[in-house]
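Inspection log for the structure reproduced underneath, given as structure tokens.
These values consider heavy atoms only, across backbone and side chains, with no hydrogens, waters or symmetry-generated copies.
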Amino acid sequence: QVRLLESGGGLVQAGGSLRLSCAASGGSFSRTNMGWFRQAPGKERELVAAIAWTGGSTYLADSVKGRFTISRVNAINTVYLQMNSLKPEDTAVYYCAVVVWSTMSGNYWGQGTQVTVSS
């Protein structure tokens, strides 16, 4: 039913920026909590950022506070992750997901987009 398509990943040098986009279709996006997860090689998938359907409540992992920003534009069923001051430790596959706010867990996932930060 719900389709999530990520884009915007790529290779960037440390200190640079990337903007990830997630386009949603087949669901009630405007009233759906959304988020971004990432998974680095050999590590568990972790929540990076989340935004409630109202847009008034957001979550950022401590490791990305001050550097990343999550936003959404419901009119075009899209959620963004603006990533600034990127570090090599940010290298991972980034996944867009529908988020269950009570547990801050994902229940529907996109295919993922690779982000690689080089020194």
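Remark: Thr54 OG1 to Asn33 CG distance equals 8.0 Å, nearest 0.5 Å. Between atom OG of residue Ser119 and atom CD of residue Gln13 there is a gap of 9.5 Å, rounded to the nearest 0.5 Å. Between the CZ atom of Phe37 and the CE atom of Met104 there is a distance of 7.5 Å, given to the nearest 0.5 Å.
Remark: side-chain polar atoms of Arg19 are not paired, donor with acceptor, to backbone N or O of Gln82 under 3.5 angstrom. With hydrogens and angles disregarded, a donor-acceptor distance shorter than 3.5 Å links the side chain of Arg72 to the backbone of Ala52.
Between Asp62 and Lys65, at least one side-chain nitrogen of the basic residue sits less than 4.0 Å from a carboxylate oxygen of the acidic one, meeting the salt-bridge criterion.
No more than 12 heavy atoms of other residues, nucleotides or ligands lie within 6.0 Å of CZ in Arg3, so this atom counts as exposed by the packing criterion. Heavy-atom neighbours of Gln111 CD from other residues, nucleotides or ligands within 6.0 Å: at or below the threshold of 12.
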Test side-chain hydrogen bond (donor to acceptor under 3.5 Å, both in side chains) applied to Gln114 and Thr116, step by step: CA-CA 6 Å; Gln114 177 70 47; Thr116 302; 3.3 Å; yes
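Under the rule for a side-chain contact (heavy atoms from CB on, under 4.5 Å), the partners of Lys43 that lie at least two apart in sequence or sit in another chain are Ala40.
Residues Val99 and Trp109 share a hydrophobic cluster, clusters being chains of Ile/Leu/Val/Met/Phe/Trp/Tyr side chains in contact below 4.5 Å.
Counting heavy atoms from C-beta on, the side chains of Trp101 and Ser57 come closer than 4.5 Å.
Clustering of Ile, Leu, Val, Met, Phe, Trp and Tyr by side-chain heavy atoms under 4.5 Å joins Tyr80 with Val73, Ile76. The other members of the hydrophobic cluster of Ile51, by chain and number, are Val2, Leu4, Val12, Leu18, Leu20, Phe29, Met34, Trp36, Val48, Leu60, Val64, Phe68, Ile70, Val79, Leu81, Met83, Leu86, Tyr94, Val98, Tyr108, Val115, Val117 (side-chain heavy atoms under 4.5 Å, ILVMFWY only).
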